[in-house]
Number of protein chains: 2
Amino acid sequence: MLNMSISTVSRALKDHPDISKETKEKVRELAEILEYEPNTYAINLRTNNSKEFGVIVPAISNYFYHSFISSLEEEVRRYGYSLIILQSVDDPEIELENLKRCKQSRVAGIFVSITSKTEDIKPFLKVEDQDIPIIFFDKVPAFEACNKVCVADSLATQLAVEALITKKKKKILALFGDINLSISNKRLAAFEKEMAKMGSTISYTIDFANSAKAASLAFTKALEESKPDAVFCMSDEILTGVMKVIQKLAIKIPNDLSIVAISDGFIPQLYFPEIAYAETSGFKLGKLAFSRMMTCMAGNSFVQELTIDSVLINGGSI
Amino acid sequence: MLNMSISTVSRALKDHPDISKETKEKVRELAEILEYEPNTYAINLRTNNSKEFGVIVPAISNYFYHSFISSLEEEVRRYGYSLIILQSVDDPEIELENLKRCKQSRVAGIFVSITSKTEDIKPFLKVEDQDIPIIFFDKVPAFEACNKVCVADSLATQLAVEALITKKKKKILALFGDINLSISNKRLAAFEKEMAKMGSTISYTIDFANSAKAASLAFTKALEESKPDAVFCMSDEILTGVMKVIQKLAIKIPNDLSIVAISDGFIPQLYFPEIAYAETSGFKLGKLAFSRMMTCMAGNSFVQELTIDSVLINGGSI
DNA sequence: AACATTTTCGCAAAGCTTTGCGAAAATGTT
DNA sequence: AACATTTTCGCAAAGCTTTGCGAAAATGTT
C-alpha cells in the first residue's frame with residue numbers, strides 16, 4: 001500500500017537506522033490503522049528463539065509452587081516473556097513428556113522441580129546440551145553439575161530449632177514428611193545436628209508422616225507417649241495435621257505446648273496465635289530462579305547451587 | 001540421506017496414505033536415530049494454529065485459581081495442548097496487555113477471569129472476532145453475549161443458608177466480601193432471597209469485609225452487638241478471618257456458634273471441627289471450561305452461560 | 001562539475017514445514 | 001501386449017519474518 005518493500009517495512013517497524021524518519025512515520029501510521037501485528041511464529045522460526053519459559057512442577061496446587069510461579073511470572077513479564085506451566089503429577093514419565101514438550105516448543109529456558117521419584121536426570125542434561133538452560137528449583141536432583149536454586153533447608157531448620165531452645169523447651173517432638181523425600185532428609189539431618197550441639201540437655205522424638213492425616217495420628221500418639229513441650233513441623237502439610245489435633249483437644253498454645261514450623265507463611269497466619277515459622281519463601285525463590293536463568297542465558301556462567309536465606313517470623317506460638 | 005524428497009519425509013512421518021510402508025519404516029527409523037523433532041514454529045506458521053491456550057487471571061496465588069488451573073492443565077494435556085499463564089495483578093491495563101500477548105502468540109483459545117476493575121470488554125470481543133474463542137470463568141463480565149462458566153453462586157448460597165435453617169438457627173450473621181465485586185452482590189442477593197422466604201422467623205445481620213483482617217474485625221464487632229447463633233461466610237477469605245477470632249476467643253463450634261461457608265474445600269478442612277461448606281469447585285470448573293472451549297473451537301455453538309452445581313459438604317460446624 | 005561519501009531502500013535467500021497437483025512407476029485388465 | 005488404474009513420490013509454492021549485500025538516490029567536497 002505504501003509502495004515500499006517488505007524489508008523496508010520490517011526495518012521501519014524495528015526502528016532500524018537505515019530507514020529515514022519520514023518512512024518510519026508513514027509505516028507506523030499505517031500499521032496502526034491496519035492493526036498490524038507481527039506473526040510470532042514467523043519471528044520465532046526466523047530468529048529461532050521464543051519468548052517463553054517452561055515451568056515443570058510436580059503439581060501446581062501445592063502450598064509452595066503457586067507463590068513461586070506467581071512471583072516468577074511477575075518477573076518474566078517485565079522482560080517480555082511468558083510462562084508455560086506443565087504438571088508432572090509426581091510421575092517421572094509425564095515429567096519426561098513435559099520436558100519433551102518444552103524442547104519441542106523451543107522455549108528459552110526451563111524451570112523444573114523434579115518429582116519425588118525422578119531418578120534419571122540425563123534427559124535434562126541432554127536438553128541443556130541444546131542450549132536450553134535448565135534451572136532446578138526446590139526439589140532438585142542430587143547430581144552436582146546442574147544449576148539449582150533452593151530454600152535454605154538447613155538454615156531454616158536451625159532457626160526454628162534455635163527458637164525453641166531460646167524458650168528453654170526440653171522435650172521436642174519433630175515431625176517430618178515422607179521419609180523418601182530428600183527435603184525430609186535434609187531437614188532431618190539439620191535437626192539432628194542442632195540436637196547434637198545441645199548434648200543431653202534436650203530430649204527429642206522424631207516421626208515421619210506423608211500426609212496431614214498421618215501427621216495428626218503421629219502427633220496424637222506422641223502426645224500420649226512422650227508428652228512433648230514443643231513441636232517442630234517440617235512443612236505446612238505437617239503443621240495443618242498437628243493444628244487440627246490441637247484444636248480438637250483445645251490445647252493451649254503456647255502455654256501447654258509450643259509450635260514452630262517451616263513454611264512460606266500463608267498457613268501459619270491462619271491460626272491464633274499465629275504460628276512461628278522459619279520462612280522459606282516461594283516468592284523469593286522465584287526471583288532468584290529468574291535472575292539465575294538470565295545469567296545462564298547470557299552464557300558465561302558456571303554451574304552453581306544457590307540458596308535463599310531464611311528468617312524466623314515470630315508468631316506467638318512459642 | 002535417504003535420497004527422498006522433503007515432502008515424502010513429511011508425509012511419511014504423518015502416516016499419510018500416499019506413502020508406502022517400506023518408505024515410512026525407513027523414514028521413521030532414521031528420524032529415530034537422528035532424534036528428529038519437528039520445528040513447532042514452522043508448523044504453527046504453516047498451519048496457523050498453535051497447541052497453546054492462554055489463561056488470564058487476576059492472580060494465581062488465589063485460593064481458587066490454582067485448583068482451576070491445575071485441573072485445566074490436566075485436561076488440556078490430554079489433547080496435546082499447553083497452558084500459558086498470565087497474571088493481571090488486578091490491573092485492567094496489564095490485563096489488556098496480557099490479552100494482546102495471547103493474541104500475538106496466536107493461542108488456540110483464551111480462558112479469562114477478569115479483574116474487579118475491568119469495565120471495557122470490547123477488546124475481548126475483538127479478539128473473538130479473530131476466531132480465538134474466549135471462555136470467561138469465575139469473575140465474568142455482566143455483558144451477555146459471551147461464553148461464561150461460573151460457580152453456582154446462588155445455589156451455593158442457598159445450600160449454605162438451608163443448612164443453617166435446618167438446624168433452627170435464628171440469628172444469622174452474614175459476611176460478604178468486597179461490596180464492589182459482582183460475586184459479593186450475587187451471593188448477597190441470593191442470601192436475601194432465602195431470608196425473604198423465611199419471613200420474620202429469622203433475624204440476620206449483614207456486613208462486608210474486603211480482607212481476612214477486616215472480616216475478623218466485622219465478626220468481633222457483630223459478636224458483641226448482635227450475638228448471632230450462626231455465621232455465613234461468603235468466601236475462604238472471610239472464613240479465615242472469622243476462624244482466627246474463634247480460636248482467639250475459644251468459641252466452641254458448633255455449640256456456641258455455627259459456621260457455614262462457601263469454599264472449594266481446602267480451607268474448611270484445616271479446622272476442627274471441619275467447617276461445613278457449599279462446594280464451589282475450581283477443579284470442576286476447570287473441566288467445564290475446557291469442554292466448553294472444545295465445543296467453541298468446533299465452531300458450531302451459540303454463546304452460553306454455564307454453571308457448575310454445588311453440593312453441601314457437612315463438617316460438624318453446624 | 002566531477003568525484004566521494006552517506007543515506008535510504010530493495011532483492012533475494014533463509015528459516016522449516018505443509019500440501020495441491022502432476023508425473024513416474026507399478027500393478028491390474030482385457 | 002496394449003491400455004487403464006492404482007500406488008508412490010517429488011516440485012514448487014506458500015506461510016511471514018529477518019538480514020546481508022548491493023544499488024540507487026541524495027548529499028557533501030574539492
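Since we're looking at a predicted model, the values are computed, not measured. The sequence lines fix the lettering, A, B, ..., with proteins before strands; numbering per chain opens at 1.
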*In a check of side chain to side chain donor-acceptor pair (under 3.5 Å) between A:Asn147 and each of A:Arg292, A:Gln304, A:Glu128, which one passes?*
A:Arg292
*According to the side chain to side chain donor-acceptor pair (under 3.5 Å) rule, which pairs have a member within residues 108-117 of chain B, sequence neighbours left out?*
B:Tyr65-B:Ser113, B:Asp90-B:Ser116, B:Thr115-B:Thr118
*asked:* Both atom distances under 3.5 Å, Watson-Crick or G-U wobble: I'd like the secondary structure of DNA chain C as a dot-bracket string, with | for pairs made across strands.
replied: ||||||||||||||||||||||||||||||
_Check this for me, if you would: do A:Glu73 and A:Arg77 make a salt bridge, where the nitrogen-to-carboxylate-oxygen distance has to be below 4.0 angstrom?_
yes
*Could you run down nucleotides 8-17 of chain D 5' to 3' and tag each one B, S or - for protein heavy-atom contact under 4.0 Å?*
BBBB-BBBBB
*Side-chain (A:Asp138) to main-chain (A:Val151) donor-acceptor, under 3.5 angstrom*: no
*Pairs involving residues 4-17 of chain B, ordered by first then second residue, that meet side chain to side chain donor-acceptor pair (under 3.5 Å) (sequence neighbours left out)*: B:Ser5-B:Ser7, B:Ser5-B:Thr8, B:Asp15-B:Lys24
Can you give me every donor-acceptor pair (side chain of residues 33-42 of chain B, partner residue at least two apart or in another chain, under 3.5 Å) with its distance?
unit_1, atom_1, unit_2, atom_2, d
B:Glu35, OE2, A:Lys126, NZ, 3.2
B:Glu37, OE2, A:Lys103, NZ, 3.4
B:Asn39, OD1, B:Tyr41, N, 2.8
B:Asn39, OD1, B:Ala42, N, 3.2
B:Thr40, OG1, A:Gln104, O, 2.3
B:Tyr41, OH, A:Ser50, N, 3.4
B:Tyr41, OH, A:Ser50, OG, 3.4
B:Tyr41, OH, A:Ser105, O, 3.3
B:Tyr41, OH, A:Arg106, O, 2.9

*Check side-chain hydrogen bond (donor to acceptor under 3.5 Å, both in side chains) between A:Ser235 and all other residues, then give those that pass, not counting sequence neighbours.*
none
